[in-house]
2 protein chains.
Amino acid sequence: MSSDRQPVEDPGAAAAPPPSGGAFLLAQLGAHAAGRFGERVGELGLAPPDVGLLRMIALEPGRSQRSLAADLGVVPSRVVALIDSLEKKGFVERRRSAEDRRHHELYVSEDGRRALGRVREVAALHEDDLFAALDEEDRVRLTALLGRIAEQQGLTPGVHPGYRQLPKRPN
Amino acid sequence: MSSDRQPVEDPGAAAAPPPSGGAFLLAQLGAHAAGRFGERVGELGLAPPDVGLLRMIALEPGRSQRSLAADLGVVPSRVVALIDSLEKKGFVERRRSAEDRRHHELYVSEDGRRALGRVREVAALHEDDLFAALDEEDRVRLTALLGRIAEQQGLTPGVHPGYRQLPKRPN
DNA sequence: TATTGTTATACTCTATAACTATA
DNA sequence: TATAGTTATAGAGTATAACAATA
């Protein structure tokens, strides 16, 4: 470190205290959690968005790409790419609907089901590592507090906001 | 409990329960918080990374791009682009160092300082909205719990992990 | 020769718009 | 004409590598 970095009387400190509020902590920890989870499922050959999609399809087999796009708040062409990747890995199948041949019904394959099983294990490990600082009681308290916020903020359970595009501002 | 359950098929429900753990909630809420904050500061003409940079420079005026890159965990060329944008907006100044003419010393301009003031206001509003579901006591509890996790996880105070690149997995 | 900052380039993510097949 | 999915294309973000100035 440059030992003599101006004997400043720090005019900035007053103007820009480090963000210490709970909102920043929440964003910081959330990004950290998402990043660590991504690394772990990456070792299973899955990207984080893959995991969410896979789960949604497993939960409601046969659903269409359109409905996924709507639930995720994402444009249909994006789902094409996402499903392409999942299909190439052999985790989901597209089947042309018999009733309306415009639709693709989506199904999780046997491999996909196995992958989801491993994801579940990894998620448990992840949570345990992430909350290592807290005992069981505090974990319950924290989850309850977060749950109340999520509900009040109107978040869709199980849907990570990372899918949908942020409104872009001119730079 | 299930006295006479219909022979439901739904093989997926058992295989893929919606993620309900605290880790997912944390990631979900963190992304939500970051997104909302981004919208708000966007109205001030700042992107979220701008805010962090501006704060770091204000806190330690005269620091170099190299040192910022190290603290953020990003490559130096990225800092070039980030500072370019901030300089173009008139929020920071690059000054060629007299002692070592390879360095650019970074300073927050008067406009930048004003912007930081507005950011502080916006951040307070943001936090208040985000935690609307909680009373003051619960907010303190939550922040304490998050702080313990952040410390145990080794997060650098005030540095959002969103700056640094996630290790990419082959897809 | 090593270091700071910069430019050139490429790759990923994600959107918009145009297009095909089906209804 | 309207809808599901796809392809083509563009823009933002971010990295790697080569480079110029300075030490």
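Residue numbers start from 1 in every chain, and the chains themselves are labelled A, B, ... in the order their sequence lines are given, proteins ahead of strands.
When each of A:Asp84 and A:Asp100 is assigned the nucleotide of DNA chain D bearing its nearest heavy atom, the one mapping closer to the 5' terminus is A:Asp100. A residue-by-residue look at A:Glu99 and A:Pro49 shows that A:Pro49 has its nearest nucleotide of DNA chain C further toward the 5' end. A residue-by-residue look at A:Ala98 and B:Val79 shows that B:Val79 has its nearest nucleotide of DNA chain C further toward the 5' end.
Ring-plane geometry between B:Phe37 and B:His126 is classed as tilted, the angle between the planes lying from 30 to 60 degrees on a 0 to 90 degree scale.
Residue B:Arg101 is in sugar-phosphate contact alone, with no base atom involved, counting any heavy-atom pair closer than 4.0 Å across all strands shown. Within 4.0 Å of A:Arg96, counting heavy atoms only, lies no atom of the nucleic acid at all.
When rounded to the nearest whole Å, the span between CD of A:Glu105 and C1' of D:dG5 equals 14 Å. Atom-to-atom, CZ of B:Arg95 to C1' of C:dT4 comes out at 19 Å; the value is rounded to the nearest Å. Taking atom CD of B:Gln65 as the reference point, atom P of C:dT7 lies 10 Å away to the nearest angstrom. At whole-Å resolution of the value, CG in B:Leu86 and P in D:dG13 are 13 Å apart. Here the P atom of nucleotide C:dT7 and the CD1 atom of B:Ile83 are 14 Å apart, to the nearest Å. Distance A:Tyr163 OH to C:dC13 P: 13 Å, rounded to the nearest Å. Distance CG (B:Leu106) to P (C:dT4): 13 Å, rounded to an integer number of Å. The distance between atom CD of A:Glu87 and atom C1' of D:dT6, rounded to the nearest whole Å, is 13 Å.
When the shell of 6.0 Å around CD of A:Glu151 is examined, it contains 12 or fewer heavy atoms from other residues, nucleotides or ligands.
Using a 4.0 Å cut-off between charged side-chain N and carboxylate O, A:Asp128 and A:Arg139 make a salt bridge.
In summary, of the residues considered (A:Glu93, A:Glu87, A:Gln65), a side chain to side chain contact (heavy atoms under 4.5 Å, CB included) with A:Leu106 occurs for A:Gln65 alone.
Distances shorter than 4.0 Å separate none of the side-chain N or O atoms of B:Arg63 from OP1 or OP2 on C:dT4. For C:dT3, neither phosphate oxygen OP1 nor OP2 lies less than 4.0 angstrom from any side-chain nitrogen or oxygen of B:His103. Residue A:Arg164 places no side-chain N or O under 4.0 Å from the OP1 or OP2 atom of C:dC13.
The side chain of B:Val80 sits closest to C:dT6 out of C:dT6, C:dA23, C:dT16. Distances were taken from every side-chain heavy atom of A:His104 (C-beta onward) to each of D:dG5, C:dG5, D:dT16; the shortest belongs to D:dG5. With C:dA17, C:dG5, D:dG5 as the candidates, the nucleotide lying closest to the side chain of A:Ser77 is C:dA17. In the set C:dT16, D:dT22, C:dA21, the nucleotide with an atom closest to the side chain of A:Arg102 is C:dA21.
A:Leu130 and B:Gln152 make their closest contact through O-OE1, 4.3 Å (heavy atoms, listed as atom of the first residue, atom of the second, distance).
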